[in-house]
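To find a chain, count down the sequence lines: A is the first, B the second, and so on, and within it residues start at 1. What you see is a predicted model, and the numbers here were worked out from it, not measured in a lab.
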Amino acid sequence: MNSYTIRNLKDFQLDHIFDCGQCFRWNKTGPGVYSGMAMGRRVTMEQRGDSLTVTPCTKEEFDTIWRPYLDLDRDYGRIKEILAEKDPVMARACEWGTGIRILQQDLWEVIVSFIISQNNNIPRIKGCIERLCRLVGAAPEGEEDRRAPVQESRQEPGQAVRQTPGQEGLRAFGANVGLDGDQYPDFPSAQTLAALEPEDLAPARLGYRARYVIETARQVAEHGLPQTADQVLSLSGVGPKVANCILLFGMKKYDSFPIDVWVRRVMHELYGFREEDVKGMKAFAAAEFGEFGGFAQQYLFYYMRSL
DNA sequence: TTCCAGGAAATGC
DNA sequence: GCATTTCATGGA
């Protein structure tokens with residue numbers, strides 16, 4: 001299989017990039033090796049020292065898809081210099097999380113992923129997203145759809161058969177299909193999800209978030225993807241924290257500073273804020289980190305989680 | 001059992 | 001306006 005290798009990478013560590021909570025569809029399959037699904041493609045990335053090998057991948061695919069996805073054209077060394085000068089805590093966090101890069105992910109996938117992330121833990125978020133993709137996601141380009149047909153017997157006897165436009169697209173993996181990571185369906189589109197009802201997503205076990213995902217899918221199917229912060233906040237199941245994640249990870253708004261339980265913890269324990277003083281933390285981040293707030297947040301998040 | 005997880009929406013005051 | 005409660009799910 002064709003691979004592409006890029007050498008002499010600086011400020012690049014796959015382990016930190018895929019373990020700082022920004023993405024959920026990459027899985028570690030060996031030392032420095034990750035297999036996953038992004039940009040509609042299933043690939044494996046392997047880092048050895050300052051070299052990165054992507055498989056399958058051509059030079060053209062690397063330059064047009066993975067170079068921007070991995071944000072390789074941004075000078076993270078300079079960003080760390082600027083942030084490290086701010087305060088000793090930030091300096092340590094930059095050093096600890098060196099090699100972190102903010103991926104340029106698909107906006108729709110980011111929206112759904114972070115709606116699912118609310119009041120949830122990272123391993124279970126990954127499980128929810130994987131089950132959602134296996135349930136209603138499209139087969140990736142160039143691969144045949146090996147999913148089992150939808151089980152018709154789910155319908156209770158005597159219960160009216162509900163017809164929805166998306167019914168024919170609904171699939172479910174049978175219990176005999178191994179969950180061995182060998183299947184990587186693409187992320188379901190807004191149109192696909194908009195045509196479903198919350199009970200259709202029950203096998204994905206999103207909990208009460210299924211309603212938010214479908215309602216947001218309908219908003220996006222009708223009005224298109226959000227383009228402003230206000231439009232992001234108007235989505236169902238999107239509050240201040242999730243909105244900031246969407247702006248940062250899906251819309252390149254690098255001044256966003258998502259404040260979750262971990263950031264609250266680090267701001268409380270290492271910066272001396274009261275834990276409930278989210279307004280104070282927000283104001284501090286805006287004044288202190290400014291246009292680099294998103295990068296600062298990622299370093300702090302990773303630092304606090306690994307303490 | 002109870003608590004908690006990258007919170008948001010509904011409800012109460 | 002602000003504080004409290006509720007919302008599924010599953011692991012610790």
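- Between B:dA9, C:dA8, C:dG10, one nucleotide has an atom nearer to the side chain of A:Y212 than all others, and that is B:dA9.
- At least one donor-acceptor pair under 3.5 Å links the side chain of A:Q47 to the backbone N or O of A:L14.
- In this model, no side-chain donor or acceptor of A:R205 finds a partner on the base of C:dT9 within 3.5 Å.
- Taking atom C1' in both C:dG11 and B:dA8, one finds a spacing of 23 Å when rounded to whole Å.
- Nucleic acid contact for A:E215: none, since no nucleic acid atom lies under 4.0 Å from a heavy atom of the residue.
- Stem analysis of DNA chain B (at least three stacked-register Watson-Crick or G-U pairs, each with both distances under 3.5 Å) gives B:2-5 with C:9-12, B:7-13 with C:1-7.
- Using bins of under 30°, 30° to 60° and over 60° for the plane-to-plane angle, the ring pair A:W262/A:F301 lands in the perpendicular bin.
- Residue A:G21 is in base contact, counting any heavy-atom pair closer than 4.0 Å across all strands shown.
- Here the side chain of A:E197 pairs no donor or acceptor atom with the backbone of A:I214 at under 3.5 angstrom.
- The side chain of A:V242 has B:dG7 as its nearest neighbour among B:dG7, B:dA5, C:dT9.
- Nucleotides B:dT11 and C:dA8 place their P atoms 13 Å apart, quoted to the nearest Å.
- Comparing C:dC7, B:dA8, C:dG10 against the side chain of A:N119 picks out C:dC7 as the nearest.
- Annotation: salt bridge (Lys or Arg N to Asp or Glu O under 4.0 Å) contacts involving residues 1-19 of chain A, sequence neighbours excluded, comprise A:D11-A:K80, A:D15-A:K28.
- Using a 4.0 Å heavy-atom distance criterion, A:R264 is classed as making no nucleic acid contact.
- Closest to the side chain of A:K279, out of C:dG10, C:dC2, B:dG7, is C:dC2.
- Within the structure, every side-chain polar atom (N or O) of A:R209 is placed at least 4.0 Å from both OP1 and OP2 of B:dA9.
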